[in-house]
Asker: 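Structure provided below as structure tokens; questions to follow.
Since the model is a prediction, treat every value here as computed from it, not as a measurement. Reminder, nothing fancy here: chain letters follow the sequence lines and each chain counts from 1.
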Protein chains: 2
Amino acid sequence: MATTTRTTDRGTAYFPRLAAERLDIALCRASATVARAADAHATEEGLGVGQHLVLQMLDAIGPCSQQTLSEELRIDRSVMVGICDDLEKADHVRRERNPRDRRSYAVTITDSGRRRLSQAQALIPAFLEDTFQALTPAERGQLSALLTKLLRADASGSH
Amino acid sequence: MATTTRTTDRGTAYFPRLAAERLDIALCRASATVARAADAHATEEGLGVGQHLVLQMLDAIGPCSQQTLSEELRIDRSVMVGICDDLEKADHVRRERNPRDRRSYAVTITDSGRRRLSQAQALIPAFLEDTFQALTPAERGQLSALLTKLLRADASGSH
DNA sequence: AACAGACTGTTTGACAGCAGATGATTTTCG
DNA sequence: CGAAAATCATCTGCTGTCAAACAGTCTGTT
């Protein structure tokens, strides 16, 4: 402590003291801050987290609707509109009306999109190392597992 | 699986498959989702997360400036203005100029604020149980500790 | 066939976060 | 002392997300 002897009583370090070892409402702030930090760092690399995840998912499971994308990725429908707009404008995806259900699109990744995705994937390790450098590999695995568990419960809980 | 036999191919459960056990860019979304769920549930109780945290912190460490509040709680200065406005309007805090430094306020919790805080605190256990029911008590502690560790690193990293 | 209800994508309005500027005040330093 | 730099609270403009309303389409029931 007392690494920074600034003006008055800075370095109260209230937040850690509050949250450590005890689950609390402060966790809302904690996860929001973590998400934002990671998000900012990712967009810095040129491809936003949203766009990256969409390309990743399309590449993994094939064409699907914006609805499915936004549900699985926990991105709001209205936000997904903009993400797909941008990706389509950059020619990374195509949007074609599903002939069986003309309400929905069949969003498809293009070759250009696949190339862009592999470029972006190459940057991920460094990005993760920088964002989560405070955690050991084991702790990163823990964090991932815990959040995944919460997500899975959330998905089955609010069907 | 296949708990919901809906229309087409719902229940792909792509996200969990992607993120489990492996730290990934998807974690940005995961923490954002957790934050949002908790956030929504909290405001539902009448007192926003921001106001709640401010009262909690003032009660714990005594009067302090808006600057300190927003730094520790990771809430933007400009947002903190509004939060304190609302709390002051409800007579839950007082804002007095710090006599030693009249640039800053000494934000102080009132008796009314303390009562409101204990009302809100009483709802927390049920809220946490509901939001984090997928995790065991030990896992909740782990999650809390991991996020705290990340926050602490973030705070010291960008001082 | 006709209607009610649900679903998909989109638009709109409200709000948090961030960056930058401002006014009042304090601190630092020549 | 007095000027320059720093700090606190506030405001404004911008971006991104969320919630609600909307139009078009599909499904199920009568």
Asker: Under 4.0 Å between a side-chain N or O of B:Arg36 and OP1 or OP2 of C:dA16?
Answerer: no
Asker: Among residues 75-92 of chain A, which ones have heavy-atom contacts with DNA chain D below 4.0 Å?
Answerer: A:Asp76, A:Arg77, A:Ser78, A:Val79
Asker: Ion pair present between B:Glu129 and B:Arg140, side-chain N to carboxylate O less than 4.0 angstrom?
Answerer: yes
Asker: Does B:Arg103 make a side-chain donor-acceptor contact with the base of D:dT7, cut-off 3.5 Å?
Answerer: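 Pair found.
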Asker: Take atom CZ of A:Arg95 and atom C1' of C:dT8, then tell me their distance rounded to the nearest Å.
Answerer: 12 Å
Asker: Does the side chain of A:Arg102 get closer than 4.0 angstrom to OP1 or OP2 of D:dG24 through an N or O atom?
Answerer: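 False: A:Arg102 side-chain N/O out of range (4.0 Å or more) of D:dG24 OP1/OP2.
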Asker: Begin from the C-alpha positions of B:His92 and B:Thr110 and carry the test side chain to side chain donor-acceptor pair (under 3.5 Å) through to its verdict.
Answerer: CA-CA 5 Å; B:His92 291 156; B:Thr110 65; over 6 Å; no
Asker: Can you measure B:Arg74 atom CZ to C:dA16 atom C1' for me and round it to whole angstrom units?
Answerer: 17 Å
Asker: Could you tell me if B:Arg95 sits above the aromatic ring of B:Tyr105, with its cationic atom closer than 6.0 Å to the ring centre and no more than 45 degrees from the axis?
Answerer: yes
Asker: Verify the contact: side-chain N or O of A:Gln66 to OP1 or OP2 of C:dT8, cut-off strictly under 4.0 Å; return yes or no.
Answerer: no
Asker: Name the one of B:Val79, B:Asp85, B:Asp86 that satisfies side chain to side chain contact (heavy atoms under 4.5 Å, CB included) with B:Ile83?
Answerer: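 By the side chain to side chain contact (heavy atoms under 4.5 Å, CB included) criterion, B:Ile83 pairs with just one of B:Val79, B:Asp85, B:Asp86: B:Val79.
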Asker: Could you walk me through whether A:Glu139 and B:Lys149 pass the salt bridge (Lys or Arg N to Asp or Glu O under 4.0 Å) test, one step at a time?
Answerer: CA-CA 10 Å; A:Glu139 287 173 330; B:Lys149 202 166 176 183; 2.8 Å; yes
Asker: Report the C-alpha separation of B:His52 and B:Gln121 in whole Å, then their side-chain angles, then the decisive distance to 0.1 Å, and conclude whether the side chain to side chain donor-acceptor pair (under 3.5 Å) test is met.
Answerer: CA-CA 9 Å; B:His52 190 141; B:Gln121 296 285 36; 3.2 Å; yes
